[in-house]
Amino acid sequence: MNWLEEGSKYLMPNYARYPILFEKGEGVYLYDEKGNIYLDMLAGIAVNVLGYSHPAITKAICQQAKKLIHTSNLFYIKPQIELAKILVENTIKGKVFFCNSGAEANETAIKLARRYFFTKGENRYEIITFKGGFHGRTLGALSATFTPEYQEGFKPLLEGFRYAEFNSIDSVLDKVNEKTAGVMIEIVQGEGGINPAKKEFLQDLQNLCREKNILLIVDEVQTGIGRTGKLFAFQHFDLNPDIITTAKALGGGVPIGAVVAKDNVSSTFSAGTHGSTFGGNYLATEVAKQVLKIVNQKDFLEEVSEKGEYFKQKLKETFGFKVKGLGLMIGLELPSHIEAKDIAKESLKKGLIIGTAGKNTLRFVPPLIVQKNHIDEAVEKLKLIIR
Ligand SMILES: *Cc1c(COP(=O)(O)O)cnc(C)c1O
């Protein structure tokens, strides 16, 4: 098969694909069909937290596939209940809804916020989100995502979104009114350039939400599942969100999304108000359970923080550019005349996979099992490109 030719012929052109086709992966390395080896510092965009061919994931998939993959949510699903319990016990007291992606998780959060106030008999439906934020590509999630290039050509969008400046409580105050139902925020903006929220801002935001009875929704789709050195990034701060959404890394590569909401919020989803055919099926939830079993260990999470610090220090020393991020979610801000996508493209030729975030930021979101020697290798390779 001529995959380059047929790929363009049969697939929609909505991605700028690199002309590379991988055949297998092991640990933090990927191998293409020519046998070239790549060190992966992108992890399928913050998805493959345990790297490739991790025995725990492979085993869970094989064993579960032999028993049951899917039944539907018209029945109880044991690993779904077990996974929900793990999520609740390690986040906020409440209940869980499962879906298949980050966008769907955020759609659910938007619907929950509306439903919550509907149930209370209050006409509040507006959600404040942030410039530089990213919440997904479905129409609701896209409406929550301010970036004009993403929205172009898809209007009219969903009503009721207001966009505030990240890290500015005054800007949030400016957008609050009697219709405000929720504020949705990433603790570290991912797509927007690896921008961490400031501690004081998050405290002020939580206080404001409490004072005005606004739901605090934290989008942990990228920051969740150990990425920042805590199971969820909000746990670095003294936060108690009403709703959290997650997806990307939760299934270690198997599609799954989840929403955890406090009881007073989740109870407003009565039978028939929301659903997902695949959401929380046997295969996805059994695998996610195994992912959490490994990631949600004190030693594992501490190591993520430690390796993140090492990586940041190394980047700072080597290049002297601004380094941002939390744990193993790291951005290297390039001088304005260098475009991140050019560097990402060049680094592929050296066998290094890195991401970009915004125009000028290189994004490193490696598998969390990455070791210091891999970090050294990545920096050495980057040195060949950036001088
Ligand atoms: C990737 C991402 C999403 C969208 O997730 P999909 O699974 O692609 O729908 C939403 N929010 C954040 C913060 C993300 O990084």
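When a ligand or atom number is given, it counts from 1 through the structure's own listing order.
Residue contacts with ligand 1: E186 is placed with no nitrogen or oxygen under 3.5 Å of a nitrogen or oxygen of the ligand (distance criterion only). The shortest N/O to N/O separation between E104 and ligand 1 does not fall below 3.5 Å. Where the criterion is an N or O separation shorter than 3.5 Å, residue side chain and backbone included, G136 fails it with respect to ligand 1. Between A247 and ligand 1, a contact under 3.5 Å exists for no N or O pair. The shortest N/O to N/O separation between V221 and ligand 1 does not fall below 3.5 Å.
For ligand 1, the atoms sitting less than 4.0 Å from at least one non-hydrogen atom of H135 are 10 (C), 11 (N), numbered in the order shown with element in parentheses. Applying the 4.0 Å criterion to heavy atoms of K248 picks out, from ligand 1, the atoms 1 (C), 2 (C), 3 (C), 14 (C), 15 (O). Contact atoms of ligand 1 toward A103: 4 (C), 5 (O), 6 (P), 9 (O) (distance under 4.0 Å to a heavy atom of the residue). Those atoms of ligand 1 that come under 4.0 Å of a heavy atom in N106, given as number and element, are 10 (C), 11 (N). Under a 4.0 Å criterion applied to the non-hydrogen atoms of Q222, ligand 1 contributes the atoms 15 (O). Against a heavy-atom cut-off of under 4.0 Å, S101 is close to the following atoms of ligand 1: 7 (O), 9 (O).
Residues Y125 and F118 keep their aromatic ring centres 6.0 Å or farther apart.
Of the protein's non-hydrogen atoms, D219 OD2, 2.8 Å is the one closest to atom 11 (N) of ligand 1. The protein atom (non-hydrogen) at minimum distance from atom 12 (C) of ligand 1 is F134 O, 3.3 Å.
Here K381 pairs with E377 in a salt bridge; the nearest charged N to carboxylate O distance falls below 4.0 Å. Using a 4.0 Å cut-off between a side-chain N of Lys or Arg and a carboxylate O of Asp or Glu, K198 and E200 do not qualify as a salt bridge. Ionic pairing of K298 and E302 is present here: one or more N-O contacts between side-chain nitrogen and carboxylate oxygen are shorter than 4.0 angstrom. Salt bridge absent: E317 and K314 never bring a charged side-chain N and a carboxylate O closer than 4.0 Å.
Interatomic distance, OG1 of T129 versus CZ of F146, reported as 9.0 Å (0.5 Å rounding). Distance check, rounded to the nearest 0.5 Å: CD1 of I61 to NZ of K66 gives 13.0 Å.
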Trace of the side-chain contact (heavy atoms from CB on, under 4.5 Å) decision for F134 with T147: CA-CA 8 Å; F134 182 80; T147 314; 5.7 Å; no

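Of the candidates G133, A46, G102, the one placing a heavy atom closest to atom 7 (O) of ligand 1 is G102.
Taking a 6.0 Å sphere around OH of Y282, one finds it holds more than 12 heavy atoms contributed by other residues, nucleotides or ligands.
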